[in-house]
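Quick notes on the structure that follows.
This one's a predicted model, so the numbers in the text were calculated from it and none came from an experiment. Note that the numbering runs from 1 along the sequence shown for the chain. Atoms considered below: every heavy atom in the structure, side chains included; atoms not considered: hydrogens, waters and symmetry mates. Whatever order the structure lists them in is the order used to number ligands and atoms, beginning at 1.
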Amino acid sequence: MTLPSRFVERTVAALGEQGRALCRALDAPAQVTSVRFNPYKTAERPEGDGVAWNRYGFYLDSRPQFTLDPAFWSGIYYVQEASSMFVEHLYRSAVGERQGARVLDLCAAPGGKTTLYASLVGLDGLVVANEVVRNRASVLADNVRKWGLGNVAVTCNDPVRLAEYREWFDVVAVDAPCSGEGMFRKAPESRGEWSEQGVMQCAARQRQILETIWPALKPGGVLIYSTCTFNREENERVLEDFVAGVEFDPVEIACPESWGVVRGEVNGVNTFRFYPGRIRGEGFFAAVLRKGEGRAHGKVPRARRELFASLSRVETAEAERWVAQPGQMAFSRIGDSVYGFYAGQAAAVRALAGSLAVIHSGVCMGPIFKGRLRPDQSLALFHDLRHDAAAETELDEQEAIAYLRHAECAPADRFAEGLNLVCHRGMPLGWAKRIGGRINNMLPPGWRIVKG
Ligand code: SAM
């Protein structure tokens, strides 16, 4: 499918020779594949180039079939477009290495940036990952469980509801729904969905999202706005209109020329454009600003319900047995399951659960039945699982793939009687139970390889 003619005309009119070069690059067959590693799960890195603006981002020489790689299922890496990893550079430049920040990732599914922010805020921090579309929120929650840090709460609400948490977040990230011009090379089918009218509709929605969520940011807090589109309507013009009505300070961001990123400035806000052909990645736009200083009031809406129940001493001891550093965690029952939260964020998650649709938070450990925990899949993928809480069974690559297909994977005598943590190269994939000569593969349906 060719590039939409109006897109080409508009891009050349806005960017001149750079626009022509951009359109040529979008039509070139170049394929860039990149992944971002989970620093809490592995120190391994592939051979090859690192992404300049992200410590954990790497380019791959070819695009493997990720779903056939056990490491993909154990949350060792996330397949993420390289340009969008730039938000790490913005975050670290604006917030520094301070751990414990509370970040709102407002438009979060499928979770590329959520998992990135989760790695940055540390285990004392909290990422509230919101996605307004329900089935996309479920995919987001699964990716968060797989990443396995236990410092994310996934909500499924309209931004208006998040805005009720007044001056509560240190960082608000709006990775806005957009017309997607930056994906024209990687996903050529998206060209057919583009229209000028769509651009204007997206811009109107982006303005509304920014205006709605601004009150949730603390004074002195950082707003990161991004899109994967090139046109000025959805980028600079949205920002121009937005900042005209708010108090903010610029944030200085170092950005070496060699990265190929095109820097800009709109009414004091620093902006960053990523053009295929100039950078190794797809199209992206990002901007950062700091809310004017003042005293933060940090109000949360009155709780409409209480979902968290306390555990007995015996139940707490059982929950503690499954994590490597139980002293850092607090445990509660929500519904039938026990959840673990890093102690520093337990109260914040409770404040969210009081009035929002929280569909995942902390680490879901599983129900306690007759004093014994029945471990959930999320616990297998939790980075701080205590591996010796259950017998550990190591599978080779082919066996691990068979396990992930929910097929027969290895003879029963390779497993211990009872519960087993199934691993490949030491990394957990899930649970299995041996009962005599039978192996019960406990992978839930959404965690299985279904094709390939
Ligand atoms: N941040 C994600 C990542 O890195 O994986 C990608 C987010 S995508 C660009 C934008 C998201 O915004 C979509 O998941 C979409 O469903 C959601 N969205 C759509 N309309 C919205 C609205 N009115 N308010 C907030 N989010 C919206």
Side-chain angles (χ1 to χ4, degrees), residues 34-36 38 51 53-54 56-57 66 75 77-91 103-120 127-147 152 154-165 169 171-184 186-187 190 193-194 198-214 216 223-231 234-235 238 242 274 281-287 356-357 359:
S34 46
V35 296
R36 185 173 40 76
N38 187 337
V51 175
W53 42 83
N54 189 295
Y56 308 116
F66 289 111
Y77 61 82
Y78 189 97
V79 184
Q80 186 176 27
E81 196 287 299
S83 305
S84 65
M85 296 182 197
F86 186 70
V87 296
E88 165 168 319
H89 182 64
L90 294 182
Y91 180 98
V103 174
L104 171 60
D105 186 7
L106 185 65
C107 314
K113 295 182 191 66
T114 298
T115 52
L116 183 156
Y117 290 126
S119 307
L120 290 176
V127 178
V128 178
N130 181 67
E131 170 57 47
V132 70
V133 179
R134 186 66 177 80
N135 56 359
R136 290 178 60 80
S138 302
V139 173
L140 168 66
D142 279 346
N143 283 331
V144 164
R145 290 184 186 103
K146 204 191 289 169
W147 201 243
V152 180
V154 177
T155 59
C156 180
N157 285 97
D158 189 278
V160 172
R161 299 296 317 284
L162 273 302
E164 292 171 8
Y165 290 74
F169 292 98
V171 176
V172 169
V174 175
D175 189 35
C178 69
S179 60
E181 296 161 356
M183 292 295 126
F184 280 175
K186 192 175 175 195
S190 64
E193 287 156 28
W194 185 91
V199 168
M200 298 322 286
Q201 282 168 348
C202 285
R205 187 164 52 177
Q206 289 149 354
R207 279 189 188 88
Q208 192 187 13
I209 292 174
L210 284 175
E211 279 162 20
T212 301
I213 207 59
W214 183 248
L223 175 75
I224 299 175
Y225 177 73
S226 56
T227 72
C228 62
T229 210
F230 302 115
N231 68 74
E234 297 177 67
N235 295 325
V238 165
F242 172 65
F274 290 67
E282 304 306 321
F284 189 60
F285 172 88
L356 294 181
I359 62 168

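Between Phe86 and Phe284, the gap from one ring centroid to the other reaches at least 6.0 Å.
Heavy atoms of Ser84 come nearer than 4.0 angstrom to ligand 1 in no pair at all. At a 4.0 Å cut-off, at least one heavy atom of Ala176 sits close enough to ligand 1 to count as contact.
A salt bridge links Arg145 to Asp142: one of the charged nitrogens lies within less than 4.0 Å of a carboxylate oxygen. At a threshold of 4.0 Å, the pair Lys113-Asp175 counts as salt-bridged, since one of the basic side-chain nitrogens sits closer than that to a carboxylate oxygen.
Partner of Leu104 under the side chain to side chain contact (heavy atoms under 4.5 Å, CB included) criterion, out of Thr155, Val171, Val127, Leu162: Leu162 alone.
Nearest-residue assignment for atom 27 (C) of ligand 1 (options Asn130, Val132, Thr115; heavy-atom criterion): Val132. In this structure, of Gln80, Arg205, Glu131, the residue bringing a heavy atom nearest to atom 23 (N) of ligand 1 is Arg205.
A donor-acceptor pair is defined here as one N or O able to donate and one able to accept, closer than 3.5 Å; no such pair exists between the side chain of Glu131 and the backbone of Leu140.
Both the backbone and the side chain of Lys113 come within 4.0 Å of ligand 1, judged by heavy-atom distances. By the criterion of a heavy-atom distance under 4.0 Å, the backbone of Ala108, and not its side chain, is placed next to ligand 1.
Considering backbone and side-chain N/O of Leu106, none are found under 3.5 Å from N/O of ligand 1. Below 3.5 Å of separation, one finds an N or O of Gly111 facing an N or O of ligand 1. Among the atoms of Ile209, none of the N or O lies under 3.5 angstrom from an N or O of ligand 1.
Arg36 and Thr115 share a side-chain donor-acceptor pair at under 3.5 Å. With 3.5 Å as the limit, one finds no donor-acceptor pair spanning the side chains of Thr227 and Gln206.
Applying the 4.0 Å criterion to heavy atoms of Val133 picks out, from ligand 1, the atoms 16 (O).
Ranking the protein heavy atoms by distance from atom 1 (N) of ligand 1 puts Asp175 OD2, 2.7 Å first.
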